[in-house]
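Reviewing the structure listed below.
Convention: sequence-line order gives letters A, B, ...; per-chain numbering from 1.
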Amino acid sequence: MCRIGVYICECGPNIGRTLRLPALVQSTGNLTGVVRVRRVPVLCGREGLDFLGEEIVAQGLDRVVVAGCSPREHESTFRSVLERAGLNPYMLQVANIREQCEWVVRDRDQATGLARRLVAGAVARVRHHEPLLPSEIAVSTDVVVIGAGTAGVRAALTLAGKKRVVHLVERLPCVGGKVPLYEDVFPGMACAACVMDPMLDELLHHDGIRVHLMSSVEELLGFKGNFTVRLLQSPRYVDPEACLGCGACVEACPVRVPDEWNPGLAERRAVAVPYPGVLPSLAVVDPRHCLRWQGEDCRACEEACPFDAVRFEEEARVQEIQAGAVIVATGFDLSDPGRFPQYGYGRLADVITSFELERMLNSSGPTGGRVLRKDGTVPGHAGFVLCVGSRDPRAAPHCSEVCCRYTLKFLHRILAQGAVDRATVFHAGLHLPGGASQDLYRALEGNPSVHFVRMGAPNSAGILEQNGSLAVRFPDEEGRVRSHLVDMAILAPAMEGASGNRELARILHLETGGTGFFDQGITLLDRVEAGREGVFVAGCAAGPTDILGAATGGQAAAGRVLSELVPGETLRLEPVTAGVDETLCSGCAVCEGLCPYGAIERKDDPPRIMVNRVLCRGCGTCAAACPSGAVHCAHFSDGQIAAEVEAMLGREDQGERSKEKGSRIAG
Amino acid sequence: MERGSGATQSGEGPAVFEPVIVAFLCNWCACEGADAAGRARLELPANVRPVRLLCSGRVDPQHVLEAFACGADGVLILGCRPGECRYREGNLHAMKRVALLRRLLGPLGVETERLDLEWVAAGEGKRYAEVVTGMVESLRALGPLKPQSASTHTTAKAPDARTKVEL
Amino acid sequence: MTWLSSCGGCEESILDLGPDLAGILGQVDLVYWPIGMDGRMEDLCKVPDGGLDAVLINGSVRTEEHVETAGLLRQKARIVVAHGSCAHLGGVYGLANLFSREAVLERSYGEDGPRLPRLLDRVKALGDVVKVDVVIPGCPPTPDRVREALDSLIRGTLARGAVLADDRALCRTCPRGETRRPDTRIRRFRRVHEATLDPDLCFLEQGIVCLGPVTRGGCEARCVRGNLPCRGCFGPVGEVKDQGGGGVGFLAALLEGASEEELEQALDGLADPTGLLYRYSLPSSLFGGRNEGEGP
């Protein structure tokens, strides 16, 4: 039999002006299980709390109902009192007779009647409460970071700075992401290599960071604090210990294929050092093109290597890593402007992307820093077309954030080196946040060589060939079609999530948005939330951002990991979660498809599901959908909800009977 | 049974039917919205029996049936606005259940107006007041819930031979 | 054995035992079986209270006569077995509870109806009028379940309070259980005749309503093996108070759509959800079975 104490708080002068408290005390005393009813002037004050604690002990209470203000205000305060008095904190129920009764119902009888029902509901509910205990599990504090671009590297270094073991997983044979391929970076026109190289050098020589190049995550099992990550590492066919990146093998290779690092601009060999200045400076054999994989016994690179570093016998390697958290920093890709035929990309020789221009401007790039048309001549007039795909609901609805600013960077660079005579920027409104970007813009104002022309809408231009030049055509803000002749057109394609994101999302049980970014967990106060406990997202993987934004994202994600997984500390699991009664579960898996956190896993033999308490956040949508009544929800059980509803409707004493209705034939 | 403890008993004028409504409130939005209504001292009818849950997605169709079976004249589910669910899509699941439940309940004599799902954000005290007041008024007009099986009125005809019956 | 409001299918389920029936009949003394042998109520009245070892009652409780018969048999028998869905849950006849007694009478007999025993306000399950000891579920019960029940009755090992079937839902033993994918969503429900049915794929994957998830297993998935979806005749599993409510819970979870319009469109393919989800259990449901002021 329950021993319930009900404490009605008068909340100073707040409760009791409308409510008839004596009547409430009297009716409450008649409720099943109630052994004590007391009015207290201010229950949340020091005196009130002490009184409540003493009462629990003196009256030998096993359950407490507080009738007073909203549970959102003081539920946790009263729970601590229960705990100090030796009761489980979950043996409490709060009836909100202030906000939802005293303050809103004007008629005294009606208010009192409602309060009686609210208290009856709370009493009936608390009778079904069960003690709940948080459990604790040991955790791994190692971290897997996916992607070795700006965000991933910043995250790795931040974590390693606090002695965390970091596994940095990179799909490519080198680190640094896209930035090392540029010449300058906005807004300060700093040299990209000067910014990146020291950081990458620190990364590659850090004892706490294991860099897994040419590797991908194949499987993520487990949960926050206890992940098992399966990595697949493709063979490089070159021994990194022996290779110096001298390039002797490259010279010897007879195969020539388009160079992904310099699209449309250069060729490479089947064995290559990705690009000048690459870190680590190592050659890599590409089995998609190497003659040995085409059935020929070519050993040109092996014979040319002065260090015997080539290893054709190397094989793919699988390894499993235990980690407590995962940071996704897979960056972005530029969308293919060929998707919009009106721009002529791929068809018109001198329509190029901003990335191709970056490579041309790079002093160690394919043109040695010179801007050249396909025929080798210097363009007199360069046209920059912004918002190619961006801000267009039919393509990429978002603003890609950086295009306007890197276009200013281009202008400064090409004007400074006299690469072109004139430049025109076709934009649909310039996005230049921050003081430094405005400085960049102001420095161009009044420059007779630069023109800014406003288009009527984003992604609305087209490019035609006209007498050996390119005509950029677009409707202006009045809808009149304008046409400008240029010699070279540089497109700013929309940024989208990295090409592997959707597959990675499947592996990590995350969701991507329509443009492939991991942006579904982001909230106004949290840009690194990925939507799964223990997994965070940083940098452009979460959506377009600039270099500073990517670096900050990496540090922020690292910060979350550092604060949530601390060596020597266990992970406290909140007890308000779902659970499953295996004797009832049929394994129909309806719940599995509903859980927003991947906390439900189907098991075979016999078919059934399991709820992972680390991942579960207790929302209860699984319990609501379970057709077997097998999934239950701690502290929000069917029995507790039913008891509260029945009592509020004046049927408190029938709660027990209706609970047994399902099995009434048991008689 | 004590139906409608808030029923007008003042003896002035004809007695008004006072419906009893069970409202399932999401802890993160509607509960806060209801509290906001209280803090603003808005006037609310005494007909609503609020049940606090962590998410509108926790509402099992059987909780709704239970409420009707225990004498509720209406059931109101209040969740976060679409896209704002703390658990991502709990409110959407609630919407799906309500859509199907209404179809289940229609032939049992439960009119559509008796089961409602609305979005109330945390700051929306005024909206909370409007939603609950609106429902109370529409149920006052509709009258008490009469379950089909116990009713003696014959407005619901048995199907004639032409009515298709699902196989 | 006797029948109340019944189609006779449960009586047939006894004959479905085939040759085994002979062996069983050899071990029992059959006192009263109106459909199979001569016997009168008067004779039954002469049996001392508790004089029968067991009685199997099939059919739902529709008339006052049914209440009396059930009461009399309860008095005479030490074990009362609810035989089949109608006695267990109220059964198909329970769907008459969607209409008033008067409407049902008028629909069936018009103005000049025959003289019938007085109809109750609503159809009830056997358990609503007498204490039931054991349930053999099914419409009709499968031979295995009937044989099991009779065997254990004869041996005296029948566990009181039991539903003689699985404790878990049909999906657990369904031959198509493994083909169910958790992320499948249904844009529009289809009816059986609107689809070419894949004999190996979960019906829900094909957009066909199957009540397997919300129905007690133990039927050897006979309908599913015959390429028809489960319609729920074994009733809900123990923890589920309301088969229709449980059905709404899981079917809603499978719906595709994020707007009311999309959802209504998806549901338009679902003819008569009330009749479908409560086909066998309306009298035992939470709300549909409610009947104020009329105790058992």
So for [X], is it side chain, backbone, both, or neither that comes closer than 4.5 Å to the heavy atoms of chain B?
| X | answer |
| --- | --- |
| A/Asn96 | side chain |
| A/Ala115 | neither |
| A/Gln93 | neither |

| task | Would you check, one step at a time, whether the test salt bridge (Lys or Arg N to Asp or Glu O under 4.0 Å) holds for A/Glu73 with A/Arg98? | result | CA-CA 11 Å; A/Glu73 208 146 308; A/Arg98 192 179 74 176; 3.2 Å; yes

| message | Show every ring pair (Phe, Tyr, Trp, His ring centres under 6.0 Å) that has at least one partner inside residues 626-646 of chain A, sequence neighbours left out. | response | A/Tyr90-A/His635, A/His129-A/His635

| query | Looking at B/Arg97, B/Glu32, B/His93, B/Arg41, which has the largest count of heavy-atom pairs under 4.5 Å with chain A? | reply | B/Arg41

| Taking every heavy-atom pair that is under 4.5 Å apart, which of B/Leu42, B/Val22, B/Val51 has the most such pairs with chain A? | B/Leu42

Of the backbone (N, CA, C, O) and the side chain (C-beta and beyond), which part of [X] lies under 4.5 Å from a heavy atom of chain A, both, or neither?
| X | result |
| --- | --- |
| B/Phe24 | side chain |
| B/Ile21 | neither |
| B/Glu89 | neither |

| query | Between the side chain of A/Gln100 and the main-chain N/O of B/Ala34, is any donor-acceptor distance below 3.5 Å? | reply | no

| Donor-acceptor contact present, side-chain A/Thr112 to main-chain A/Arg20, <3.5 Å | yes

| salt bridge (charged side-chain N to carboxylate O under 4.0 Å, His left out) contacts touching residues 588-598 of chain A (sequence neighbours left out) | A/Glu592-A/Arg602

| task | Can you label the angle between the A/Phe517 ring and the A/His398 ring as parallel, tilted or perpendicular, going by 30° and 60°? | result |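 Rings of A/Phe517 and A/His398: perpendicular, as their planes differ by over 60°.
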
